[in-house]
Structure formats: C-alpha cells, structure tokens
> 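Right, I'll just put the structure down here and ask away after.
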Protein chains: 2
Amino acid sequence: MNPLSTEKEKQILAVARDVFLEKGRQGARMQEIALRAGVNKALLHYYFRSKEHLYQRVFEAEITQFIHQILEAIPEEGDFCQFLKIFIRSYIRRVAASPQLVRFVLWEMRDGYQVLHQVLQRVFNGDPVKNSPFLVRAQAAIAAGEIRAVDPFHLFLNVLSMCVYPFLMAPLLEQLVPTLDVDDERFIDQRVEEIFNLLERGLRP
Amino acid sequence: MNPLSTEKEKQILAVARDVFLEKGRQGARMQEIALRAGVNKALLHYYFRSKEHLYQRVFEAEITQFIHQILEAIPEEGDFCQFLKIFIRSYIRRVAASPQLVRFVLWEMRDGYQVLHQVLQRVFNGDPVKNSPFLVRAQAAIAAGEIRAVDPFHLFLNVLSMCVYPFLMAPLLEQLVPTLDVDDERFIDQRVEEIFNLLERGLRP
DNA sequence: GTCTATAAGTCGATAGAC
DNA sequence: GTCTATCGACTTATAGAC
C-alpha cells in the first residue's frame, strides 16, 4: 500500500470529521468533504465505499479519542478533593476545546448510543459502571469518610453536567451576556472554581 | 377562513414538530410530514410556502412554549430553599417529558441561537439577565444572607446543567445500567433530592 | 489511485385540474 | 382548499478512461 494513500485517507477522515460535526449526519455532503479535502468525490467512495461507512468511521473514532483523552487526564494519587478539582479542570478544558463534538454526540446519540456503549465496554474492560475511575474513587472516598454518603452515580452525573452543559449553551449565553467569552481562560477558571467550591462544601461529611 | 383549514394547519404543525425533533432540520422530509399528517405534500407548501418557513414556525413555537411552561411553574413566595426545590422539580419534570426537545434545541442552536435570544428578550421584557426570576431570587437570597455569596449566573448554570444533562444522556445511561429507567418517577425524585441536597449544603453561608 | 462523466434516485417546489 | 403529476435541482454512487 502506498504511504501517500494512507496519508490521503487520513486527510479525508480529518475533513469528514469537521463537516459531520458542523452539519450532522444528514446535513453533511460528500461533495463538500471532497472539496475541502482537495480530492475528487469519487475517491471518497473508493476509500470508504459509502457515506454511511465514512460516517461510522468518524463517529467511532471521535468517541474513542474523546474518552481516552479524558482518561489520560485523570490523576492516580491524592485525596478525593484534589482528584475532583483536577478532573473538573481536565474535563472542562476538553469540552471547551470542541463543544461541537459533544453537541454532535448528544444529537447523534438518538441512533448511535450502541456505538458509544460498545466503546465504553471496550475501554473499561466490559463493565464501565464498575471500572470507571470516577465511580471507583467516589466510592472509596465515601467508604473512607472523606465525603458524605451520596449516590456515586448521581454525583458523577452532576459533575459531568456542570462541566459540559454551559458549553453546549455557549452561543446563547454569549448573546445574552455580550461581555462573556466562554473560550476565555478566565471564564474557564471561574467555572472550575464555582463547580469545585459547590461540590467541596456540598459533599462535606 | 374555514375552521377546518385552521384545524388542518394545527395538525400539520403538530406532526411537523414530531418529525423535526426526531430527524432534525436536514433529516426531516416534507413527504413524511405530509404522510403522517394524512394530507398531501402540496398542501404543506400551500399553508407554509416552504420547508424553511415550516421549520421556523415549529422552532419558535416550541421554544416559546417551553419557556412559558417553566415560568408558570416558578413559585412567587417562600424562602430560597423552597423556591430552589420547586424550581428543580418543575424543570426536571418538563425536561423529562420531552428530552428530544432539548436535544433538538441544543443541536439547532448552532444556527438558531438568535431565535432563542429573541424569544427570551420578548418574554423577559428586553433584559433576560436582569429580569430572570431565578437570578433575581438568587441575588436577593445572597443579599439577605440566606445563601453564601456565589456568582448567581454560575449558580443558575449549575442548576440548569444538573437538571437537563442526564436526560440528554439517557439512551446511553439506560444501556449502561439496565435497571435504570429515567422516565420512572423514582429516578426523577432521586435526582431532585440529590441535586437539592448538594445545593442546599453547598450554598450554606 | 485518481480523474471525468453520468447513472439512478430523492427531495422540495409548483403547475394545473377539480 | 385539495389533489395528481411532474419539473428541476441536488446527492449518492458507479462506470470507465488514464
């Protein structure tokens, strides 16, 4: 196989990712992907056979990469509060870097939640609920009396929610508050602080 | 104007709402809307001129209705904690009733955030940030020393986030935890309790 | 492998009968 | 107002030259 072909394949995938995230599964056009990738439309079918195949490749790749990036940012040591703050910061930074991805995944989840589930199964050795670092750490912290006995699952949902949702609403928020810029480091730091302080106080034993 | 015509127009709008929420702006098909509404495709154009017009009508109507339903459920009296608990319960019930709507709005917000902004301007007399009941109540509660001095804007974001996000993730969550049913009253009550307890403790002066 | 050209099908929109 | 029939534009996909 020609290394140039592999290179071109990656190029197409990168562009397809952008177009799918921008326009969605239905809105994306093979013509636009070809144009922006600087290749002919027929070449897309040569490499990926159909729009559906290309979409599946992009969707699965993005989900896998996203989960791995989050996992890499999770610290192993330290007490639960340290762990929590670092997790919040990492997660928010990742989401702020491409909120389009989260919006895309949530929208496409209507049909594609099985794919997300399969990726989680693979990454977390068959049992995401039991093996998720966050849930493991939270349970340990409760057992050790570091935090009060909340439901770890709901706690996890609460943390993810507060980290993600404002960035999904960003276009509206920036319209409502003209001085606001959700990509600004200061806003991100503010959110980390507000979320962490709320949790730290709300979880005290 | 024939009352039957108005009836048919409403029927089309109701079906169009379902199809747009299900398939999105691009994925929705005029043919499908016509079929499910039991009318001819040409009639859609007779009433609404184009797919774009029909979409705008549906989008604006849904946003307006959603905001009004939330506002109706906001209590006037009581201390901030009572207010908070009722707000959380109302908001979650509304979101749980049709998470598809929220998913749709967030996805379409890429282009449609101006519409959302216009509706908010209209409902809140030109200044949603100043006149939003939640922000007003939060500021008063801080001034009265009922809760500690957090940023009301971030507090609002946190509450909305925790109420909405889990229902956006519902398809995945139910796959991960087979016993989970996010439409079950018990899950909804659990979430209200977990969110309220976290906030009540996290906001103590 | 990469291109041009085109097939095959879909969809929004409209003309025109009733 | 409501229907049938069809146009015209667009999109995916492929055939075939190079």
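Numbered from 1 within each chain, the chains take letters A, B, ... in sequence-line order. Just so you know, these numbers use all the heavy atoms, side chains as well, and skip hydrogens, waters and symmetry mates.
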> Can you measure A:Glu52 atom CD to D:dT11 atom P for me and round it to whole angstrom units?
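Value for this atom pair: 18 Å.
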> Find the distance between CD1 (B:Ile195) and OG (B:Ser161) and round it off to the nearest 0.5 Å.
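Here the rounded value is 10.0 Å.
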> Check the side chains of A:Asn197 and B:Arg148 for a donor-acceptor pair under 3.5 angstrom, ignoring hydrogens and angles.
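Their side chains do not contain a donor-acceptor pair, so the 3.5 Å distance test is not met.
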> Using 30° and 60° as the class boundaries, would you call the ring planes of A:Tyr55 and A:Phe104 parallel, tilted or perpendicular?
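Plane angle over 60°, so perpendicular.
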> Donor-acceptor pair, A:Arg191 side chain versus A:Arg186 backbone, under 3.5 Å?
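Pair absent, no side-chain N/O of A:Arg191 close to backbone of A:Arg186.
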> Taking atom P of D:dT12 as reference, at what distance in whole Å does atom CD of A:Glu32 sit?
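So the CD-P distance, A:Glu32 to D:dT12, works out to 10 Å.
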> Give me the one residue out of B:Arg36, B:Arg17, B:Arg103 that meets salt bridge (Lys or Arg N to Asp or Glu O under 4.0 Å) with B:Glu22.
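The option that passes is B:Arg36.
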> Kindly point out which of C:dT14, D:dA13, D:dC3 is positioned nearest to the side chain of A:Ser50?
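That would be D:dA13.
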> I want to verify a distance call: between C:dT4, D:dG1, C:dG1, whose nearest atom is closest to the B:Tyr46 side chain?
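Of the candidates, D:dG1 comes closest.
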> List for me each residue that meets ring-ring contact (aromatic ring centres under 6.0 Å, His included) alongside A:Phe187, sequence neighbours excluded, and say none if there are none.
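For A:Phe187, the residues satisfying ring-ring contact (aromatic ring centres under 6.0 Å, His included) (neighbours in sequence not counted) are B:His154.
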> In whole angstrom, what separates A:Lys23's NZ from D:dT11's C1'?
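A:Lys23 atom NZ is separated from D:dT11 atom C1' by 14 Å.
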> Specify the separation, in whole Å, of atom CZ of B:Arg49 and atom P of C:dA13.
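Atom-to-atom, B:Arg49 to C:dA13, this comes out as 10 Å.
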> Starting from P on C:dG1, measure out to NE2 on A:His45 and report it in whole angstrom.
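From A:His45 NE2 to C:dG1 P: 19 Å.
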> Tell me whether B:Arg110 forms a cation-pi arrangement with B:Trp107, defined as NZ or CZ under 6.0 Å from the six-membered ring centre and within 45 degrees of its axis.
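Verdict for B:Trp107: a cation-pi partner in B:Arg110.
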> Which residues satisfy the side chain to side chain donor-acceptor pair (under 3.5 Å) test with B:Gln26, sequence neighbours excluded?
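Side chain to side chain donor-acceptor pair (under 3.5 Å) check on B:Gln26 returns nothing, list empty.
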> Note down the inter-axis angle between the two ends of the helix from C:dG1-D:dC18 to C:dC18-D:dG1, five pairs each, to the nearest 10°.
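End axes: 10° apart.
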> Nearest of D:dA13, C:dT2, C:dT14 to any side-chain atom of A:Tyr47?
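Closest nucleotide among those given: C:dT2.
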> Under 3.5 Å, which N/O atoms of the protein pair with N/O atoms of nucleotides 7-11 of chain C?
| unit_1 | atom_1 | unit_2 | atom_2 | d |
| --- | --- | --- | --- | --- |
| C:dC11 | OP1 | B:Arg29 | NE | 3.1 |

> Taking only residues two or more places apart in sequence, or in another chain, which ones meet B:Phe134 in a ring-ring contact (aromatic ring centres under 6.0 Å, His included)?
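Once residues adjacent in sequence are excluded, the partners of B:Phe134 under the ring-ring contact (aromatic ring centres under 6.0 Å, His included) criterion are B:Phe83, B:Phe87, B:Phe156.
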> Name the one of A:Glu62, A:Glu9, A:Glu52 that satisfies salt bridge (Lys or Arg N to Asp or Glu O under 4.0 Å) with A:Arg57?
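Passing option: A:Glu9.
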> Between protein and nucleic acid, restricted to nucleotides 16-18 of chain C and to nitrogen or oxygen atoms under 3.5 Å apart, what atom pairs and distances do you find?
none

> What is the distance, rounded to the nearest whole Å, between atom CG of A:Asn40 and atom C1' of C:dT6?
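After rounding, the gap between these two atoms is 13 Å.
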> When you compare the side chains of B:Glu72 and B:His68, does any donor N or O come within less than 3.5 Å of an acceptor on the partner?
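No, no side-chain donor-acceptor pair sits under 3.5 Å.
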> Between atom CZ in A:Arg25 and atom C1' in D:dT11, what is the gap in whole Å?
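So the CZ-C1' distance, A:Arg25 to D:dT11, works out to 16 Å.
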> Can you measure A:Gln26 atom CD to C:dG12 atom P for me and round it to whole angstrom units?
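The answer, rounded to whole Å, is 11 Å.
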